[in-house]
Amino acid sequence: MNGTIRAIELIERKRDGGKLSADEISALVLGYTVGDVPDYQMAAFCMAVVWRGMNAAETAALTAAMVRSGERLDLSRFGHVVDKHSTGGVGDKTTLVVAPLVAACGASVSKMSGRGLGFSGGTLDKLESIKGYRVDLTNAEFLAQLERIGIVVSGQTADLAPADGKMYALRDATGTIPAIPLIASSVMSKKIAAGADAVVLDVKVGSGAFMKDLRSARELARAMVAIGVAHGLDVTCELTDMEQPLGRAVGNSLEIAEAITALHGAGPADLAQLTRVAGAEMLVRARRVRDTKSGLARIDAAIASGAGFAKFRELVAAQGGDVSMVDDPTKLPRAPHVQTLRAPRTSYVAAIAADRVGIASVHLGAGREKKGEPIDHRTGIVLHAKVGDRVERGQPYADVHVAGKPADADAIAMVRDAFRWSARKVPPRRLILGRIASR
Ligand code: URA
C-alpha cells in the first residue's frame, strides 16, 4: 500500500457507499498484516464495512487476501478431510463430542479451534480444563497427529490467515464484529487456510449468538457457502437455535464433563440431536457414508460401542492431557461452592436468555472480557431445566458454580433473571432451524 493516503481513499470510498476492487482490498489487508496500514485505519475501514456492507465480489476478495496473508496447510494425503466450526454460542460443546465420533467412524477430522471471547465460549479453553492438554501444536505436530490418530483439536497456528488473527482482535476491541462480510471472510479464510476439503458450519441464531435473527443467519450462511464454493471447499451450514444455552452446562470443566457424558450416550437431548445431525453431515462430506441416514446410524453405533469415547481419550492422550480426568470427570477442576437456585412457584420455563447466562459465566470467571485474560476453568452454570420443562415449587432449576469472588452475587442474580416463567404449558424450542449447503 502506497503510504497512508491510499488507505484513506479506500476508507472514504467505503464510508460513502462505494465499491473496492480486489486489488485494493488485497493491498489494504496485506498492508495491514505487515504493519504499513495502522490499526486506526483498519478499524475505520471495518466500521465503514459495518455500515455500508460489501458485495459478494468484495467479500470474496477480502477472504482471498486473508488466506494469502499466511500459509495454507496441504492435507491432500489424508483423503477427504472434514472440519467443523460453530459461529459461537453459550454452552456449545458440540465439537468435543462430534469430532471424536466422526474420527471413530474413520474420517480424518482436522479442527482448529478458538478461545472464548465475550459471552461466547471457546473449545480451546474448555479443553485446557484437562490438565496438560496442549492447544499450541506446530503445523508439523498437527500433521503428524492427524496421520497417526485421524483427529486433531488444536489452536490456530500464527502462520494461517494471520491477517484474520490481527483483524479479529482489532474488530473485537472496536465494536466491528457484527458485519456479515467481515464474519464470513474471517471464518472462511481460516477454514480455507487450514486445508480441509469440507466444512460443516453451525450458524447459531438468537440472543446468545452474533446473528440475532434467522434472516441474517441465512444471509451469513449463504455468504460462507459462496466463499467456500469459490475456493473449492464443500460447505454445509446448519442454522441452529441459540435463544437458550445448548445442553445444560456452561463453563469450561462443566462442559468437558457434559461432553464426556454425551460420548457415553447420556447427554442432554439437544446436544445429542445436534451431535447426530452434524456428525452425519460430516460423514457424508468426508465421503465415509452415502447418505445422512447411514451417517446417523454410524454415529449412533460409535456412541453405543464406546468407540467415540475411546477416540476422545486417544485425542487427549496425544495432546498431552491427563486421561484420568476423562475416565473420571470428578477429577476435573471443581469450584469450591455451588449455589442452587430453586423455583419460586410451580411453573413452566418460558425462556432462558442465552446472552444473560453467557454474561453471568464471564462474571464468574469462566470467560474473558478482554483477549488474553486468564479464566477460571472451575466455574459456571448447570441448568436443571430447559425451555418447556415444568418445575415444581422449591425444585432446583440451576446450579451456579462459584469461586467465592465479589462478582458472584451479580452472576447469580443474572442467572435468576435469565429465566422467564409461565403458568401455562410452553412448547420446547426447535433446535435445527434450517440448512444451506453447497450441494
Ligand atoms: N468467528 C470468527 O472466526 N470470526 C468472526 O468474525 C466471528 C466469529
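Residue numbers run from 1 in the order of the sequence given. Every number for a ligand or one of its atoms is a count from 1 in the order of the listing.
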Engineer: Contact between Leu246 and Leu431 at the side-chain level, heavy atoms closer than 4.5 Å - yes or no?
Structural biologist: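 Leu246 vs Leu431: side chains touch.
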Engineer: How about NZ on Lys131, more than 12 heavy atoms from neighbouring residues, nucleotides or ligands closer than 6.0 Å, or not?
Structural biologist: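 For Lys131, atom NZ is not crowded (no more than 12 foreign heavy atoms under 6.0 Å).
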Engineer: If you have a sec, work out which protein heavy atom is nearest atom 8 (C) of ligand 1 and how many Å separate them, to one decimal?
Structural biologist: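 For atom 8 (C) of ligand 1, the nearest protein heavy atom comes out as Phe210 CE1, 3.4 Å.
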Engineer: How far is atom 5 (C) of ligand 1 from the closest protein heavy atom, and which atom is that?
Structural biologist: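 Ranking protein heavy atoms by distance from atom 5 (C) of ligand 1, first comes Tyr168 CE1, 3.1 Å.
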Engineer: Salt bridge check, Glu58 against Lys14: does any charged N sit closer than 4.0 Å to a carboxylate O?
Structural biologist: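 A salt bridge is present here (some side-chain N lies under 4.0 Å from a carboxylate O).
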Engineer: Would you check whether Ser186 has a nitrogen or oxygen atom less than 3.5 angstrom from a nitrogen or oxygen atom of ligand 1?
Structural biologist: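 Yes - when backbone and side-chain N and O of Ser186 are compared with those of ligand 1, one distance drops under 3.5 Å.
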Engineer: Can you pull out the closest protein heavy atom to atom 1 (N) of ligand 1? Residue, atom name and distance to 0.1 Å, please.
Structural biologist: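 Answer, as residue, atom name and distance: Val187 CG2, 3.8 Å.
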Engineer: Using a 4.5 Å cut-off on heavy atoms from C-beta on, say whether the side chain of Leu62 contacts that of Met54.
Structural biologist: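 Result yes, sub-4.5 Å side-chain heavy-atom pair found.
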Engineer: Give a yes/no verdict on whether any heavy atom in Ile177 is under 4.0 Å from an atom of ligand 1.
Structural biologist: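 Checking ligand 1 against Ile177, which is what was asked, there is no heavy-atom contact under 4.0 Å.
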Engineer: May I ask you to decide whether Asp202 forms a salt bridge with Lys204, counting only side-chain N to carboxylate O separations under 4.0 Å?
Structural biologist: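 Counted as a salt bridge, because a side-chain N and a carboxylate O are separated by less than 4.0 Å.
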Engineer: For atom 3 (O) of ligand 1, find the nearest protein heavy atom and state the residue, atom name and distance (0.1 Å precision).
Structural biologist: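 Here the closest protein heavy atom is Lys190 NZ, 2.5 Å.
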